[in-house]
Amino acid sequence: MMNYLEKYAGQVVLVTGGAGAIGSNLVRALAVAGAQVIVLDDLSSAERWNVPSLPGILFVEGDVLDEVKLKRVFFERPKIVYHLAAFFANQNSVDHPERDLMVNGMGTLRLLEYSVFTGVERFLYASSGCSIYGSNAPFPLKEEFMSMHLSTPYQVTKMLGELYCNFFHNHHALKVVKPRFFNSYGPGEVPGQYRNVIPNFIYWAMKGQPLPLTGTGEETRDFTYVGDIVDALLRAGIMESAVGQEFNLASGAETRILDLAEMINEATGNKAGIRFAQRRKWDTKSRLLASVDHARDLIGYNPNTSFDQGLKHTIQWFHENCDRIEASARFGPGISSAVREMEKAT
Ligand SMILES: NC(=O)c1ccc[n+]([C@@H]2O[C@H](COP(=O)([O-])OP(=O)(O)OC[C@H]3O[C@@H](n4cnc5c(N)ncnc54)[C@H](O)[C@@H]3O)[C@@H](O)[C@H]2O)c1
């Protein structure tokens, strides 16, 4: 297989959302591979300290809807665009549906337009496999399934982004790639009210609090280590076989939320156990399990980080950054039902 990493040396690459959980890991990998990386991030759900301090990284603080900032970053003439900035995620979009549509819908459209106008050679859109298959798809989830019955504005706008990518591919011949992520976890994700279950469980466990299960605990998710996602993104940014394609980036294995909570309590020495909280109304997926065959065939995707190993790296990152994480963790007044339940209990 070609050495795709070598192809990044000297390339100008734009990463929107590059201060975020996945973006910060991607930015580091690109910089290490010798790319000139431009990061556009408004820090609305991320921290400046999360952007790696490495040579070759230009950080531009700004909104994907801000014309001045868009002109600034496209002035650098990126050849590859990774569009990861998004209004994240389900509960946030239920609470703020208009902002969700602006950032995920209009923001994606603006990025696509600037990419066409400035001759970008590859546009990678961070789609969401957890979102776009709906709740009634057969398992394992495969790329060809479609649902018109999605349960949150975020799910709708993540699909909308893919549809816009298809339009720009078909109409403007923009070389788009649409990786569909599943439940990413790993170093770089700061916990918070609207964040994913793994960083929040680790955070609460390290504080000795019981972990809230918003359901029965029997629910499963297909947790994917961020390093495996980043490796796939680097492949997909170079390999011709990825162009025009959508493909799942998952681990291909299910983990029960109850088992996850027990593993985290065990690994952090948390004796407070678990507690049951109200299921969120939009949370209609009792299982998530994806097929990764298509990604394997197209780009040689190989998610080989075991869940144990990935969790260990994540907890280690929490230990190494505990002061910064503590200062940055955003748990607001408790709009999220899981947080509300936690607050009632303390
Ligand atoms: N994390 C997952 O499990 C997962 C699953 C499926 C899809 N995705 C998608 O992958 C991408 C990255 O996810 P993540 O987990 O790193 O999320 P994240 O929230 O950590 O990163 C998104 C980044 O975008 C920035 N941002 C938000 N609005 C912006 C705006 N208007 N202008 C500029 N920057 C803005 C945030 O500050 C943040 O740094 C997102 O598009 C998300 O929808 C993530």
Side-chain angles (χ1 to χ4, degrees), residues 14-28 38-51 59-70 72-73 81-93 96 98-111 124-133 141 152-162 165 178-200 221-226 228-230 232-233 246 248-251 285 288 290 310 314 328 330:
L14 170 62
V15 182
T16 71
I22 300 172
S24 57
N25 286 282
L26 175 64
V27 166
R28 181 177 299 103
I38 308 143
V39 176
L40 176 62
D41 197 304
D42 69 353
L43 301 180
S44 56
S45 73
E47 302 302 324
R48 181 67 181 87
W49 60 260
N50 210 23
V51 181
F59 179 76
V60 176
E61 183 172 343
D63 191 329
V64 292
L65 294 163
D66 181 338
E67 291 297 325
V68 174
K69 299 296 167 137
L70 287 171
R72 172 69 192 90
V73 295
V81 173
Y82 288 94
H83 179 41
L84 269 58
F87 192 75
F88 191 84
N90 288 303
Q91 183 68 49
N92 205 4
S93 74
H96 309 284
E98 293 180 9
R99 182 70 186 157
D100 173 85
L101 178 57
M102 287 308 293
V103 176
N104 297 358
M106 184 62 91
T108 299
L109 177 56
R110 299 306 283 136
L111 259 295
L124 296 98
Y125 169 69
S127 184
S128 168
C130 317
S131 296
I132 67 169
Y133 294 114
L141 298 166
T152 66
Y154 173 79
Q155 296 176 6
V156 172
T157 56
K158 290 312 286 186
M159 183 188 267
L160 179 66
E162 266 207 40
C165 286
K178 297 154 288 175
R180 295 174 177 167
F181 308 161
F182 279 78
N183 300 104
S184 169
Y185 74 99
E189 183 167 9
V190 177
Q193 180 180 1
Y194 293 123
R195 298 310 310 184
N196 288 316
V197 59
I198 291 184
N200 286 358
R221 292 294 177 259
D222 191 335
F223 292 110
T224 315
Y225 187 63
V226 68
D228 291 331
I229 290 181
V230 166
L233 290 176
E246 52 275 326
N248 295 336
L249 294 182
S251 71
K285 294 184 176 73
L288 273 175
T314 314
S328 303
R330 298 176 194 181

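Atoms within each ligand, like the ligands themselves, are counted from 1 in listed order.
- The shortest side-chain heavy-atom distance between Glu67 and Arg110 falls under the 4.5 Å cut-off.
- Asn92 has its side chain out of reach of Tyr154: every pair of non-hydrogen atoms, C-beta onward, lies at least 4.5 Å apart.
- Considering only heavy atoms from C-beta on, Leu14 comes within 4.5 Å of Leu111 through its side chain.
- A distance-only check finds no donor-acceptor pair linking the side chain of Tyr133 to the backbone of Ala290 [under 3.5 Å].
- Taking the six-membered ring where the residue is Trp, Tyr125 and His83 present tilted rings, their angle falling between 30° and 60°.
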For ligand 1, what N or O to protein N or O distances fall under 3.5 Å?
{"residue": "ligand 1", "atom": "3 (O)", "partner": "Ser184", "partner atom": "N", "Å": "2.8"}
{"residue": "ligand 1", "atom": "15 (O)", "partner": "Arg195", "partner atom": "NH2", "Å": "3.3"}
{"residue": "ligand 1", "atom": "16 (O)", "partner": "Ala21", "partner atom": "N", "Å": "3.2"}
{"residue": "ligand 1", "atom": "16 (O)", "partner": "Ile22", "partner atom": "N", "Å": "2.8"}
{"residue": "ligand 1", "atom": "19 (O)", "partner": "Ser45", "partner atom": "OG", "Å": "3.0"}
{"residue": "ligand 1", "atom": "19 (O)", "partner": "Arg195", "partner atom": "NH1", "Å": "2.7"}
{"residue": "ligand 1", "atom": "20 (O)", "partner": "Ala21", "partner atom": "N", "Å": "2.8"}
{"residue": "ligand 1", "atom": "20 (O)", "partner": "Arg195", "partner atom": "NH1", "Å": "3.4"}
{"residue": "ligand 1", "atom": "20 (O)", "partner": "Arg195", "partner atom": "NH2", "Å": "3.2"}
{"residue": "ligand 1", "atom": "26 (N)", "partner": "Asp42", "partner atom": "OD1", "Å": "3.3"}
{"residue": "ligand 1", "atom": "28 (N)", "partner": "Ser44", "partner atom": "OG", "Å": "3.4"}
{"residue": "ligand 1", "atom": "31 (N)", "partner": "Asp42", "partner atom": "OD2", "Å": "3.4"}
{"residue": "ligand 1", "atom": "31 (N)", "partner": "Asp63", "partner atom": "OD1", "Å": "2.8"}
{"residue": "ligand 1", "atom": "32 (N)", "partner": "Val64", "partner atom": "N", "Å": "2.9"}
{"residue": "ligand 1", "atom": "34 (N)", "partner": "Asp42", "partner atom": "N", "Å": "3.2"}
{"residue": "ligand 1", "atom": "34 (N)", "partner": "Asp42", "partner atom": "OD1", "Å": "3.3"}
{"residue": "ligand 1", "atom": "37 (O)", "partner": "Asp41", "partner atom": "OD1", "Å": "2.7"}
{"residue": "ligand 1", "atom": "37 (O)", "partner": "Ser44", "partner atom": "N", "Å": "3.2"}
{"residue": "ligand 1", "atom": "37 (O)", "partner": "Ser45", "partner atom": "N", "Å": "3.0"}
{"residue": "ligand 1", "atom": "39 (O)", "partner": "Gly20", "partner atom": "N", "Å": "3.2"}
{"residue": "ligand 1", "atom": "39 (O)", "partner": "Asp41", "partner atom": "OD1", "Å": "3.3"}
{"residue": "ligand 1", "atom": "39 (O)", "partner": "Asp41", "partner atom": "OD2", "Å": "2.5"}
{"residue": "ligand 1", "atom": "41 (O)", "partner": "Leu84", "partner atom": "O", "Å": "2.8"}
{"residue": "ligand 1", "atom": "41 (O)", "partner": "Lys158", "partner atom": "NZ", "Å": "2.9"}
{"residue": "ligand 1", "atom": "43 (O)", "partner": "Tyr154", "partner atom": "OH", "Å": "2.6"}
{"residue": "ligand 1", "atom": "43 (O)", "partner": "Lys158", "partner atom": "NZ", "Å": "2.9"}

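- With sequence neighbours left out, the ring-ring contact (aromatic ring centres under 6.0 Å, His included) criterion links Tyr225 to Tyr185, His313.
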